*Asks:* 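Encoded as structure tokens, here's the structure I'll be asking about.
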Amino acid sequence: MVYSPFPGMDPYLEAPSIWPDVHTRLMTIIGEQLMPLLAPKYLAELETQVVIDHLDDDPQVVLPDVSVTHSEVSDGTSSAVAVTAPAPVQVRVPLDVPTRLVSVYIRQRETARLVAVIELLSPVNKRRGKGREEYVEKRRAFLASPVHVIEIDLLRRYPRMPFDDPLPPAHYLVMVCKAGERPRSSVWPIHVRQPLPTIPIPLLPPDPPVPLELGQALRTAYERARYDLRIDYHQPLIPPLSPDDAAWAAALIDPPEGRVPQDTR
């Protein structure tokens, strides 16, 4: 069995080179995990959307120094300053990248009524720009409907989704907003050192909620994808952890001699 060295969310899975695969696999496994608990009255369906991510924020321009040389001009009286030809500068241009996003829709089987929606946020949802604006509008529409909204944020980078109340400090966040309890919602603040929680997925009354074991879903995704073969755990994290958390993470990755690595099952 292959396990991440972290007890909950593995911050190395946030890397842009890996996250799109994590997003798709994790949402697929969430649907697979819920389906036996929902059937036969409800169905868990994967809804796929392709959005255009505009990778044009924080442009960087690197300007080279102007090189000035002195050369002797043989007119017998004076010297002149010669400036070299301009060098090219390196800039980034706006780039439109198709990004595949997967949601889990829970429907009542007989009527096809949408009961709950599970969203796993991606950078395109959180990064400033059109992608965030479109997601916030979609979120607002769901919150104004009789649909339960479950929102999972496993990315430390970029601003959180809007809430009316201040959020507790946390690396990650899960929200369960029941249709009949708005504007109140339940929020799980999650620290990188903590295991991922089991989340109750609400259904139609009088049916009880079904449990979503988020930690087990992520462990399954990690094992199936063999992320251990794709991650270099000795590379720096972006964004970095605090010094204390970084020291804790380093001890997980390279346990001191004689210490058994943590079993995160």
Side-chain angles (χ1 to χ4, degrees), residues 1-27 29-30 57-58 60 118-128 132 135 150-163 165-176 185-199 212-265:
M1 303 291 285
V2 177
Y3 295 103
S4 163
F6 291 86
M9 176 57 186
D10 186 330
Y12 284 87
L13 295 178
E14 301 175 53
S17 60
I18 297 179
W19 179 255
D21 188 80
V22 174
H23 176 96
T24 300
R25 287 183 188 271
L26 184 54
M27 292 302 275
I29 292 166
I30 285 174
D57 57 333
D58 301 326
Q60 296 179 352
I118 303 175
E119 299 281 3
L120 176 62
L121 299 183
S122 278
V124 65
N125 304 133
K126 298 184 68 179
R127 187 190 298 115
R128 63 179 176 85
R132 180 182 176 93
Y135 176 76
I150 299 91
E151 188 174 78
I152 304 169
D153 186 357
L154 298 180
L155 297 171
R156 291 171 296 130
R157 197 174 183 184
Y158 306 115
R160 298 279 184 213
M161 288 295 111
F163 288 85
D165 296 323
L167 293 172
H171 292 117
Y172 310 109
L173 203 72
V174 175
M175 177 194 75
V176 175
S185 65
S186 298
V187 172
W188 283 257
I190 307 165
H191 193 277
V192 70
R193 303 192 190 197
Q194 295 177 312
L196 295 177
T198 296
I199 305 300
L212 168 59
E213 297 183 18
L214 195 54
Q216 182 58 53
L218 186 64
R219 288 191 292 272
T220 301
Y222 190 98
E223 181 183 359
R224 287 185 185 178
R226 289 303 306 267
Y227 290 128
D228 61 307
L229 301 179
R230 298 178 59 179
I231 295 174
D232 183 353
Y233 281 105
H234 295 95
Q235 291 296 315
L237 275 170
I238 300 176
L241 295 169
S242 70
D244 285 347
D245 288 333
W248 167 83
L252 289 182
I253 294 167
D254 293 315
E257 187 175 352
R259 177 180 166 188
V260 178
Q262 179 177 353
D263 187 345
T264 60
R265 286 173 289 182

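What you see is a predicted model, and the numbers here were worked out from it, not measured in a lab.
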*Asks:* Quick one: side chain to side chain contact (heavy atoms under 4.5 Å, CB included) partners of D228, sequence neighbours excluded?
*Replies:*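 Applying side chain to side chain contact (heavy atoms under 4.5 Å, CB included) to D228 gives V2, Y222, R226.
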*Asks:* Using side-chain heavy atoms (C-beta onward) and a distance below 4.5 Å, is R132 in contact with M161?
*Replies:*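 They are in side-chain contact.
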*Asks:* So, S4 side chain and F6 main chain: donor-acceptor pair closer than 3.5 Å or not?
*Replies:* yes
*Asks:* Tell me if a side-chain donor or acceptor on K126 pairs with a main-chain N or O of D153 at a distance below 3.5 Å.
*Replies:*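 No, K126 side chain to D153 backbone: no donor-acceptor pair under 3.5 Å.
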*Asks:* Please name all residues satisfying side chain to side chain donor-acceptor pair (under 3.5 Å) with N125, sequence neighbours left out, ordered by chain then number.
*Replies:*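 Residues passing side chain to side chain donor-acceptor pair (under 3.5 Å) with N125: none at all.
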*Asks:* Any heavy-atom pair between the side chains of P239 and Y158 that's under 4.5 Å?
*Replies:*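 Answer no - side chains too far apart.
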*Asks:* Is there a side-chain contact between P5 and D10 (heavy atoms, below 4.5 Å)?
*Replies:*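 Yes. Closest side-chain heavy atoms under 4.5 Å.
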*Asks:* Enumerate the salt bridge (charged side-chain N to carboxylate O under 4.0 Å, His left out) contacts for residues 187-196, please, sequence neighbours excluded, ordered by first and then second residue.
*Replies:* R193-D245
*Asks:* List in chain and number order the residues that pass side chain to side chain contact (heavy atoms under 4.5 Å, CB included) with S185, two or more places apart in sequence or in another chain; answer none if no residue qualifies.
*Replies:* F163, M175, C177, V187
*Asks:* Could you tell me which non-hydrogen atom of I30 sits nearest to which non-hydrogen atom of A217, and how far apart they are?
*Replies:* CG1-CB, 4.1 Å
*Asks:* Residues two or more places apart in sequence or in another chain: which of them pass side chain to side chain contact (heavy atoms under 4.5 Å, CB included) with Q216?
*Replies:*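 Testing Q216 for side chain to side chain contact (heavy atoms under 4.5 Å, CB included), a comparison that skips the adjacent residues, returns Q33, E213, R219, T220.
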*Asks:* List the residues meeting side chain to side chain donor-acceptor pair (under 3.5 Å) with Y227, not counting sequence neighbours, and say none if there are none.
*Replies:* D21
*Asks:* Can you name the residues that form a side chain to side chain contact (heavy atoms under 4.5 Å, CB included) with P197, not counting sequence neighbours?
*Replies:*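 Scan of P197 (side chain to side chain contact (heavy atoms under 4.5 Å, CB included), adjacent residues dropped) gives W188, I190, I199.
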*Asks:* Are W19 and L154 packed together at the side-chain level, in the sense that at least one heavy-atom pair is separated by less than 4.5 angstrom?
*Replies:*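 A side-chain contact exists here, since the closest heavy-atom pair is under 4.5 Å.
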*Asks:* Quick check: do Y12 and I253 have side-chain heavy atoms less than 4.5 Å from each other?
*Replies:*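 Yes - at least one pair of side-chain heavy atoms lies under 4.5 Å apart.
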*Asks:* Within this structure, what is the CG-CD1 distance for the pair L214 and I29, rounded to the nearest 0.5 Å?
*Replies:*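 The CG atom of L214 sits 11.0 Å away from the CD1 atom of I29.
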*Asks:* Show me the donor-acceptor pairs within less than 3.5 Å that the side chains of residues 165-173 make with the rest of the protein, sequence neighbours left out.
*Replies:*
unit_1, atom_1, unit_2, atom_2, d
H171, ND1, V192, N, 2.9
Y172, OH, E14, OE2, 2.6

*Asks:* Hey, which of T24, L155, I152, V22 is the one that makes side-chain contact (heavy atoms from CB on, under 4.5 Å) with L120?
*Replies:*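 Only one of T24, L155, I152, V22 forms a side-chain contact (heavy atoms from CB on, under 4.5 Å) with L120, namely I152.
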*Asks:* Who passes side chain to side chain donor-acceptor pair (under 3.5 Å) against R230, sequence neighbours left out?
*Replies:* none
*Asks:* Got I231 and L13 here, is their nearest side-chain heavy-atom distance under 4.5 Å?
*Replies:*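 With C-beta onward as the side chain, the pair touches.
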*Asks:* With heavy-atom distances below 4.5 Å as the criterion, would you say the side chains of M27 and I118 are in contact?
*Replies:*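 SC-SC contact between M27 and I118 confirmed.
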*Asks:* Write down the atom of P240, the atom of R156, and the distance for their closest heavy-atom approach.
*Replies:*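 The answer is O-NH1, 3.6 Å.
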